[in-house]
Number of protein chains: 4
Amino acid sequence: MSKLLRGGRLASVRKDIANFTSSMKDDLVLSDAVININRAHVMMLMEQNIISHVTGVALLKALTSIFDKSLSSSSEDIHMAIEEAVLQETGEEIGGNLHIAKSRNDQIATAIRMQLRKHLLNSINNILKLQKSLLVTAENHINTIILEYTHLQPAQPVTFAHYLLSFIDNLERDLQRLLEAYKRVNFCPLGAGALATTSFKINRNYVAQLLGFDEVLENSIDAVGSRDFILETLSVFSILSINLSRLAEDLIVWSSMDFKVVELPDDFTSTSSIMPQKKNPEPLEIIRANASKVLGDFVASSSTLKGLPSTYNLDFQQITPNLWNSIGIVDVSLFILSELMPNLKLTNDVSDKALNSFVAATEIANFLTRKYEVPFRTAHKIVGALVKSLIANNLTFKDLTPEMIQNISKKITNRKIKVSVEQIYDCIDLHKIVNDHDAKGGPAPEEVKRALVERKKLLIQSQTKLSSLNQKLIKAQQTLESKTSSYLTSNLSSN
Amino acid sequence: MSKLLRGGRLASVRKDIANFTSSMKDDLVLSDAVININRAHVMMLMEQNIISHVTGVALLKALTSIFDKSLSSSSEDIHMAIEEAVLQETGEEIGGNLHIAKSRNDQIATAIRMQLRKHLLNSINNILKLQKSLLVTAENHINTIILEYTHLQPAQPVTFAHYLLSFIDNLERDLQRLLEAYKRVNFCPLGAGALATTSFKINRNYVAQLLGFDEVLENSIDAVGSRDFILETLSVFSILSINLSRLAEDLIVWSSMDFKVVELPDDFTSTSSIMPQKKNPEPLEIIRANASKVLGDFVASSSTLKGLPSTYNLDFQQITPNLWNSIGIVDVSLFILSELMPNLKLTNDVSDKALNSFVAATEIANFLTRKYEVPFRTAHKIVGALVKSLIANNLTFKDLTPEMIQNISKKITNRKIKVSVEQIYDCIDLHKIVNDHDAKGGPAPEEVKRALVERKKLLIQSQTKLSSLNQKLIKAQQTLESKTSSYLTSNLSSN
Amino acid sequence: MSKLLRGGRLASVRKDIANFTSSMKDDLVLSDAVININRAHVMMLMEQNIISHVTGVALLKALTSIFDKSLSSSSEDIHMAIEEAVLQETGEEIGGNLHIAKSRNDQIATAIRMQLRKHLLNSINNILKLQKSLLVTAENHINTIILEYTHLQPAQPVTFAHYLLSFIDNLERDLQRLLEAYKRVNFCPLGAGALATTSFKINRNYVAQLLGFDEVLENSIDAVGSRDFILETLSVFSILSINLSRLAEDLIVWSSMDFKVVELPDDFTSTSSIMPQKKNPEPLEIIRANASKVLGDFVASSSTLKGLPSTYNLDFQQITPNLWNSIGIVDVSLFILSELMPNLKLTNDVSDKALNSFVAATEIANFLTRKYEVPFRTAHKIVGALVKSLIANNLTFKDLTPEMIQNISKKITNRKIKVSVEQIYDCIDLHKIVNDHDAKGGPAPEEVKRALVERKKLLIQSQTKLSSLNQKLIKAQQTLESKTSSYLTSNLSSN
Amino acid sequence: MSKLLRGGRLASVRKDIANFTSSMKDDLVLSDAVININRAHVMMLMEQNIISHVTGVALLKALTSIFDKSLSSSSEDIHMAIEEAVLQETGEEIGGNLHIAKSRNDQIATAIRMQLRKHLLNSINNILKLQKSLLVTAENHINTIILEYTHLQPAQPVTFAHYLLSFIDNLERDLQRLLEAYKRVNFCPLGAGALATTSFKINRNYVAQLLGFDEVLENSIDAVGSRDFILETLSVFSILSINLSRLAEDLIVWSSMDFKVVELPDDFTSTSSIMPQKKNPEPLEIIRANASKVLGDFVASSSTLKGLPSTYNLDFQQITPNLWNSIGIVDVSLFILSELMPNLKLTNDVSDKALNSFVAATEIANFLTRKYEVPFRTAHKIVGALVKSLIANNLTFKDLTPEMIQNISKKITNRKIKVSVEQIYDCIDLHKIVNDHDAKGGPAPEEVKRALVERKKLLIQSQTKLSSLNQKLIKAQQTLESKTSSYLTSNLSSN
């Protein structure tokens, strides 16, 4: 209950209702950000001669001492908790000036953005770790052939490295989206006041710079009344988590007893309380489910904002926890997958399954087109009929003979096509098929090697970019600390 | 980490991954339910001679003693935590039999339903409280006239009691939906095992009865693999919370300085940190926002289940917390509104606003139709033109003269319509208008009184229904306790 | 553009903006309902002497003649289109009275409910058809053994009929929810007017009865301002479609080349444009995806209503198309599945897969507990270790010997357990396992037969219930028609 | 029904099921894109000597002639419809080669991206138009004072231009997000085949260039199996539409009879069918509701993709219509608002309302802090108490006297504060308050003018950027056309 703000306009509030509207519990993660905002703001007020040096230093001292204290959990929010703590330390004559020329509306928007910056950089780092984990795993599987599926039906042979590359590239777009979201988050709303800036002669650029922001978030109504940066962040995490859910789904299906494409390490499975034979892919199921949780957070936040009047409404307060919740969920999903990928065991030999599932069919059709100038659509029909007839006789491509091809192609096209046994073998040789699929982005080992080299370079570039973003924040923080020290020392010397 | 289940099929699990898949933190609310399930199950195993009396009693004793203990937070889930606690008390020779003929899959489904039953009855009670609060408020405002809006534009005068009745009736449907959901929740999955029941000769009906269920949830795949009861519950709460958000929106708009239809008590508002004149309707904004949170939980849960294979998948585990979260949110919204409604102050006199907003327009048109047999569509045009002309001259219906009507109706219909001054006064007399709207469900005080009497009866019926549902659960619990005591005593005497 | 309503208060509207706000395109499905509402309303106006017999009959005649006409697509909405058509036929002196004592607000709510009633009964019929299809299929598979999965890992053997029953029961709850939603839909808002009823002395009960409603939707603000019935309907369809998506997912996975549990008929699959061997389960993928569409419609509608002021807002107009869209989607999904189920081919022999996946493990543990009083948790460990050792040696339960059991159980429990070869065979005999799982709701053929008999009875009850609901609507419609004829004839004779 | 693909592997399909899985209706918008893809692909096949010049030219001729034909609506999809049309024209010997080295999987992904590019550029143009409309309106309202609200309670005076700037800036971020999404959309999947590229020696770069893409979408599994670009686009449109819904909500509230901040032109309102005085803001209500529809489309699409196996699944087909639907909705919302904004009438004088709502309170507190060094928190209390006392006596700041301030400040702080009457007048002078709020991003006319000049520059930059993106697509299309002509002519001459 904020005693600070009552007693003037409003009578005291009921405890149960104060609890209901209080955001204190959710605000605790913002505590450091809010203290730093107040420090930067006080420095600016001093520079602009809005408050005296003595008042400013006393406020800085009190603010700096709060870092180690536990704040009153019964406050209306983190802003009042910190102002109350400062007032307790300094008395109202000094502490009563902390809130000059700012409002909770601009302060909360600034604090969320500061906390979010850190989270975004951390999540970017987690993506880079997963990309690296996929890269390392891919390098061990450049020649490992797997059957890929469409519609969950065996389609064509590729290499496992080629499969892993698809997720490296997918994650690259998630990374880009996070970096672009970061750019829009790193704007400073402070100084926007309640919505109209202030009649005090403040310097918004200076505060923004002290807090490590790239720029001031200019228009003051926009600065306090916009939460599109939260929706954008949540949407990026939602899309990312859906990508991860699809990787999880692949691995759940592929590690099933029936598919047996991969085997999960014991570490990443659990057994049943009554079925001792079970080896359940539980962490992957959680990752799959978590994508829905992030989607739910996006919906909750979007539906909250939709149709709300512009500027600040308290509804905003209910959105922020969704943000932290979703980021936490995705971070741990990224971590678990990073740890899992290099420990997957691949099934050694897929040739039987390849035969049973006729994944060489496209290649035979391609061959007929290439060598005998059979129109592709005709070749497609011929091979379709071949597959049908083989299945009817419980045979596979291993049993395919030149005569069968000749007969069926004659029936369908009235051409005599004479294929040699060697040519058939060539067509159904998985390694040859994969090697021949060497178009840009294809599964051929040579092409995959080229791609991996490029992805490695990209990864290093991304790490450098991340590092420079991190450095900027660290430097700003260091400057804020050293300025605080200077002020506190200056005061000692002037005393 | 569940040591209990490993060491056989699987090697030990990593601590970080065990934490990731553990539901222990979320499961704690289910602890009592799981203990009771185990007690009922043990009694049945004894009755069916599946375990010996001595074993059974020892298990019951150990189970009963767990109520007071804190469970290991590092367990895989609540089921293993309790089994581990029993094993520690009894040793494996006894405790190793606790899990005969059941599985975590049926046990968790049973526990969620038991906990949900309690929550549903509690929420029903909260709805009844809000209905009562609305009723009591309505009885004080049977003659209080307000202007009602459509499209946020003033439409027609009604009584405030009539307005409140609309929410009583709205909530009545929410109540029905909750009762119907309860019916489907109160089925017992226990005995379904992992998905196929068991080869032990169990008695599912007996366990269901001991746990206060109405019936056995029969098909064992359905029993462990369905979560539609969670989706249904969440959808009902989502719809309910949207109804509440609309009530909150009305009050936010109506308590605005510009509308001034109602005044909120100081208790239910907050002021600004920099704008001392502000009186913000913060609890109502939270209630409005909370509807989005419940919608988010429904989406998260629905999207989790969509496309999942039937039977049990661990994705289920991520759904349950959404359920408790949403119920908690709606319960407190109901409570806050119950407390608020009787404390609203209504603006005394709406007659000026009524004149400025021409809400009597429909009544004048009706009058022209009724008295002068002007076709309604023609009357509508006449009055529309009247309003337009009055606005253009900065006048209101107070300034309306028989001549104006005559002139405009002549222009539009070529009829001479002679209306007296008294008739005009009658048409724009708000009390007369409201009294004349006495069709079933209308705002006329007489009709509202009739409706309130009926609603009171309905409320009492609902309270009786709720009470009988509560009683059934209490009785079952008492029976379970007394049976436990009997068993424990029988053992002492037989020793 | 509604010329009818302009010219009075408002200047003419722009064509592009009129198009933007017009609901005419979406309203066409409501055309019959709106005409019938007008007919019933006119009859009531005549009975109450609000309009003359001559006027009433002329209106009825005009209304009846509209059924065959195409309405102006440039109208603001269906209400204006029909009023305009009547006016064109009768002139304003007669037709101008059609809108006495009602509003578009109550009329649209009534029309949606009338159209929705029909849809709900139709969808209920579609559910019954699918239940019947599942029943018929189940009767052919009472002894067909399949392996059921949890976490997509083989769990235990059941019968296919048992599996199908789980969906019959699941659908039964969907059916109940639809019936309960129907109950709440079948209330009549007409007479609520814009929001305050009317000062004309109308008879709401009479109109409700003529239109086949169970009751009047009483409170007039509630009657025009509530759309919870749409949210409820959409939520029920969303839950239903999620159930169907899970059935679809099962069949997609089970018809994969790797699982080969079922084979889809050619009719229900498609091939690839380049991979001639493919047999893709396309209709099932659409059904799986459609559940998301319905969820999207629920979200769109919920988010639209959330935080809207009570009474009528035009936002409502955007909700109704979501309703029809989702119902259509679910209806066709139900139909496709009804057609598919009886045509599934089941893989004949699952015994090899059963051995490879050790699904008999639970039964062996149960056996050790039952026969040798090994505590279940100990038995679970023994069998877990057995499975691990067999896998390590590339063996299955077929190779299990009494000695292996003896050795491992000694290592784990220090007991000597002598099991005979026959007992092992018994434990891994799939038919015996299934037969022994004869608890209520279990997969044993005898239990399944009992359940199927009960479900058949239930199906007949449901069909009877549906039929009586249908009959009520048909009768009301017949009465309306015959009353119309009487009025039209009476007029002829009186002329 | 695709006869083309059946007859080989699969028996014929049922018509009802073929209709169910057909995407033909939704595909028609992609028809031009698919023809162009085929033309570019054929040119590449010729260049790479995969097909002969003669075959290639014949295919090009047939393809070019299809633009004017109506396609078979009974086809499985647009790909088969076009291939069938070509086959009809050329016979199988020629036309059967159209599908060499590509698949429907890469072709559909390419076609969607091509169509989406156009839509994105169009929507960007619509945003620019709305920004321009806001700019033009703002220039007319640089000195128009309005009261801004937080929590829907009057907060502080700003200028209307300052308010409009908040939406210009908000839209600027939407614009950036669309441009960034465009960047990720404009990658070419063609050549990825079904998922593994092809063993034909294709040139993916060449096709990408012919179709105006920036780059090849490299990894072939990613290329056919990713739809994150659709989710990203929908999320950007969802955020944008929520921004628009908040603008709509402001205008709905502000144009209400009670707020009367703005007046909507008659053109943009509708009246009631029974309440002739009504002037309802219907287009704005539709815009507000439409944000929910876009959110629903995002949810439907996200939930469809979540947990889907990687590579192509037919579920994808159900996502694309959501995309077009949402884009259409947002485009028209942007258009309506562009048309509306310059036509808003602002209420001339807000001074009475300003006094009644005490919006000068913050300024008086600021003044006490600035001039008398009253700590801000103390000043806040003093002014709060002043407001309370004035309200209690039915007074406003107009009635504020130096004595009142002196008395209350003495009571609260024990200071004597002597304020002059002139100083009070200064504090409550709305123009002075607004002028003094001249911090960066503030409402002061000078600051707003500066901002508007900058925004104009930005708008021109954006238009230039848009124009260059458009030009690139137009040029690519022209090149494709002229190459087609050359080929067709070359053929004539070679004939």
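Throughout, protein chains are lettered first and strands after them, A, B, ... in sequence-line order, and every chain is numbered starting at 1. The model shown is predicted, which means the values in this text are computed figures rather than measured ones.
Within the 4.5 angstrom heavy-atom criterion, no atom of B:Leu98 approaches chain C. Looking at B:Glu285, there are no atoms closer than 4.5 Å to chain C (heavy atoms on both sides), in backbone or side chain. Contacts between B:Asn203 and chain C at a heavy-atom distance below 4.5 Å are absent for every atom of the residue. Heavy-atom distances place the side chain of C:Leu295, and not its backbone, under 4.5 Å from chain B. Heavy-atom distances place the backbone of B:Val374, and not its side chain, under 4.5 Å from chain C. For a residue to count as touching a neighbouring chain, one of its non-hydrogen atoms must lie under 4.5 Å from one of that chain's; by this rule B:Ser238 touches chain C with the side chain only. For chain C, the nearby parts of B:Ile100 are the backbone and the side chain; heavy atoms of each come within less than 4.5 Å. For B:Leu165, the parts lying under 4.5 angstrom from a heavy atom of chain C are both the backbone and the side chain. Within the 4.5 angstrom heavy-atom criterion, no atom of B:Asp315 approaches chain C. Residue B:Val253 does not touch chain C at all, counting heavy-atom pairs closer than 4.5 Å. Neither the backbone nor the side chain of B:Ala248 comes within contact range of chain C; no heavy atoms are under 4.5 Å apart. Residue B:Tyr149 touches chain C through its backbone alone, counting heavy-atom pairs closer than 4.5 Å.
For the residue pair C:Asn243 / C:Asn170, a side-chain donor-acceptor distance below 3.5 Å is found, with atom types taken as modelled. A donor atom on one side chain and an acceptor atom on the other are found under 3.5 Å apart for C:Ser310 and B:Asp250. Between the side chains of B:Ser220 and C:His437, no donor-acceptor pair of N or O atoms lies under 3.5 Å.
Formation of a donor-acceptor pair under 3.5 Å by the B:Asn435 side chain with backbone atoms of B:Ala444 is not found in this model. A distance-only check finds a donor-acceptor pair linking the side chain of C:Thr90 to the backbone of C:Val86 [under 3.5 Å]. In this structure, the side chain of C:Arg455 does not engage the main chain of C:Arg450 through any donor-acceptor pair within 3.5 Å. When atom types are taken as modelled, the side chain of C:His162 and the backbone of B:Ala196 share no donor-acceptor pair closer than 3.5 angstrom. Under the 3.5 Å distance criterion, the side-chain polar atoms of C:Asn219 are matched with a main-chain donor or acceptor of C:Ile221. The backbone N or O of B:Ser302 lies less than 3.5 Å from no partner atom in the side chain of B:Arg227, so there is not a single donor-acceptor pair.
No more than 12 heavy atoms of other residues, nucleotides or ligands sit less than 6.0 Å from atom CD of B:Glu373.
For the set C:Asp228, C:Leu386, C:Asp174, the count of heavy-atom pairs under 4.5 angstrom toward chain B peaks at C:Asp228. Note: C:Ser226 leads C:Ala291, C:Ala155, C:Ser52, C:Ser226 in heavy-atom pairs under 4.5 Å with chain B. In terms of heavy-atom pairs under 4.5 Å with chain B, the best-connected choice from C:Glu148, C:Glu249, C:Glu180, C:Arg204 is C:Glu180. Between chain B and the options C:Glu363, C:Glu232, C:Arg288, heavy-atom pairs under 4.5 Å are most frequent for C:Glu232. Among C:Ser199, C:Ser245, C:Ser235, the residue with the largest count of heavy-atom pairs under 4.5 Å with chain B is C:Ser199. Residue with the most contacts toward chain B among C:Leu231, C:Ile50, C:Thr55: C:Leu231 (heavy-atom pairs, distance under 4.5 Å). Between chain C and the options B:Gln153, B:Lys306, B:Glu447, the largest number of non-hydrogen pairs under 4.5 Å is found for B:Lys306. For the set B:Asp169, B:Val158, B:Leu308, B:Val383, the entry with the most heavy-atom pairs within less than 4.5 Å of chain C is B:Leu308. If you tally non-hydrogen atom pairs under 4.5 Å between each of B:Val448, B:Asp438, B:Ile202, B:Leu240 and chain C, the highest count goes to B:Asp438. In terms of heavy-atom pairs under 4.5 angstrom with chain C, the leader among B:Ile168, B:Ile433, B:Asn313, B:Leu152 is B:Asn313.
Between C:Lys183 and C:Glu215 no salt bridge is recorded (no basic side-chain N to carboxylate O distance below 4.0 Å).
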### Test log, rule side-chain contact (heavy atoms from CB on, under 4.5 Å), inputs B:Phe229 and B:Arg184
CA-CA 7 Å; B:Phe229 73 100; B:Arg184 274 181 286 275; 5.6 Å; no
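Residues B:Phe298 and C:Phe298 place their aromatic rings such that the two centres sit under 6.0 Å apart.
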